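Accompanying notes for the structure given below.
Each residue takes its place number in the sequence, starting with 1. Bear in mind that the values here come from a model prediction, so they are computed numbers and not experimental data. Note: hydrogens, waters and symmetry copies are ignored here, and every other heavy atom, side chains too, is used.
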Amino acid sequence: MDIISQLQEQVNTIAALTFNTFGTLQRDAAPVKLSPNYPDPPPAPIPAPDDATKFDEQPKLMSAALVKAAKQFDALVAALPLPDGGEEAQLKRIAELQAENDAVGQELQRQLEAAENELRQVQELYSQAADNCLNLKKPD
C-alpha cells in the first residue's frame, strides 16, 4: 500500500476513534443540571462494580488509542519524501509543467479545429450525397 493510502487509512482510523470516544463519553456521562429553571436531571444509573471500573478506564484507553493513532499519522507524514531542491525548485518545476500544459493545450486546440473542419467537410459531402440520392441525380 502506498504512503498516501496509508495516510488516508490512518485519518479514517483517527476519525472512527474520535467518533467512538465522543459517543461513549456522551452515552456514559452523568447528567448535569443546565440551569436552576430546569428540573433536576434523573439520577444516573448505578453501575455494577465491574462496570464502574470499566467506565473509569474507558477514557484513558480511548485517549491512549487516539494518541497512538496520531503518532502513527505523524510517523507516516515524516516518511513522506522531501522535495528535492526546496521551494525554488518546486516553483521552477510548476512553471515548467504549466508551460508544458499550455503547449499541449494549444496542440489539442489545433487538432480540435482540424477535426471540426474535417467533420464539416464530411457533413457537406453526406448532404450532397443525400441530395443526389433524393433527386436521383447522377454524381458529378
Side-chain angles (χ1 to χ4, degrees):
M1 181 183 292
D2 68 335
I3 190 83
I4 301 299
S5 297
Q6 290 176 2
L7 281 169
Q8 183 62 49
E9 186 66 30
Q10 197 62 31
V11 167
N12 291 342
T13 300
I14 291 171
L17 285 169
T18 304
F19 180 79
N20 288 336
T21 300
F22 289 139
T24 301
L25 292 175
Q26 182 181 13
R27 179 193 67 206
D28 295 341
V32 176
K33 187 171 185 173
L34 297 175
S35 135
N37 299 331
Y38 290 104
D40 288 335
I46 299 171
D50 188 35
D51 291 343
T53 309
K54 287 180 184 177
F55 178 72
D56 291 341
E57 292 296 317
Q58 274 185 334
K60 294 175 187 174
L61 293 173
M62 291 179 170
S63 62
L66 275 170
V67 168
K68 181 180 175 186
K71 286 182 180 180
Q72 288 175 343
F73 181 82
D74 290 342
L76 287 170
V77 168
L80 286 171
L82 295 175
D84 296 330
E87 187 176 345
E88 290 179 19
Q90 287 180 343
L91 292 174
K92 181 180 176 185
R93 180 68 178 143
I94 289 171
E96 291 171 358
L97 290 172
Q98 186 63 41
E100 182 181 334
N101 187 39
D102 292 343
V104 169
Q106 290 173 358
E107 177 62 27
L108 286 173
Q109 186 63 36
R110 284 192 295 272
Q111 290 180 4
L112 177 63
E113 289 170 2
E116 287 174 346
N117 287 336
E118 190 172 338
L119 176 62
R120 279 193 291 276
Q121 290 174 355
V122 168
Q123 287 174 336
E124 186 178 321
L125 289 172
Y126 180 77
S127 178
Q128 288 175 2
D131 287 344
N132 287 340
C133 286
L134 288 174
N135 296 329
L136 298 172
K137 290 184 180 178
K138 293 184 179 179
D140 294 336

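Minimum heavy-atom separation, M62 to T24: CE-OG1, 3.2 Å. Across all non-hydrogen atoms, the minimal contact from I3 to A79 is CD1-CB, 4.1 Å. Scanning both residues, L17 and A69, for their nearest heavy atoms gives CD1-CB, 3.8 Å. Closest of all the heavy-atom pairs between L66 and I14 is CD2-O, 4.0 Å. Across every non-hydrogen atom of P59 and L25, the tightest pair is CG-CD2, 3.9 Å.
Rounding to the nearest 0.5 Å gives a distance of 10.5 Å between CZ of R120 and CD of E124. Here N12 contributes atom CG and Q8 contributes atom CD; the two are 4.5 Å apart, rounded to the nearest 0.5 Å. The CD atom of E100 sits 7.0 Å away from the CZ atom of R93 when rounded to the nearest 0.5 Å.
One hydrophobic cluster, built from ILVMFWY side chains closer than 4.5 Å, cannot hold both L112 and L119; they sit in different ones. Side-chain heavy atoms closer than 4.5 Å link hydrophobic residues (I, L, V, M, F, W, Y) into clusters, and following such links, even through other members, never connects L97 to L91.
Under 3.5 Å, the side chains of Q6 and Q10 contain no donor-acceptor pair of N or O atoms. Side-chain atoms of Q98 and D102 form a donor-acceptor pair, as typed in the model, at a separation below 3.5 Å. Side-chain contact of N117 with Q121: a donor-acceptor pair under 3.5 Å is absent, judged by distance alone.
Residue E88 places its CD atom among 12 or fewer non-hydrogen atoms of other residues, nucleotides or ligands, all under 6.0 Å distant. Counting heavy-atom neighbours within 6.0 Å of E116 CD, excluding the residue itself, gives a total above 12.
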Q: Before giving the answer on side chain to side chain contact (heavy atoms under 4.5 Å, CB included), spell out for L125 and Q128 the whole-Å C-alpha distance, their side-chain angles and the decisive distance to 0.1 Å.
A: CA-CA 5 Å; L125 289 172; Q128 288 175 2; 4.0 Å; yes
(Q) K68 vs K71, test: side chain to side chain contact (heavy atoms under 4.5 Å, CB included). Steps then yes/no. (A) CA-CA 5 Å; K68 181 180 175 186; K71 286 182 180 180; 5.8 Å; no
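Ion pairing of E113 with R110 is absent here, as no side-chain N (NZ or NE/NH1/NH2) approaches a carboxylate O to less than 4.0 Å.
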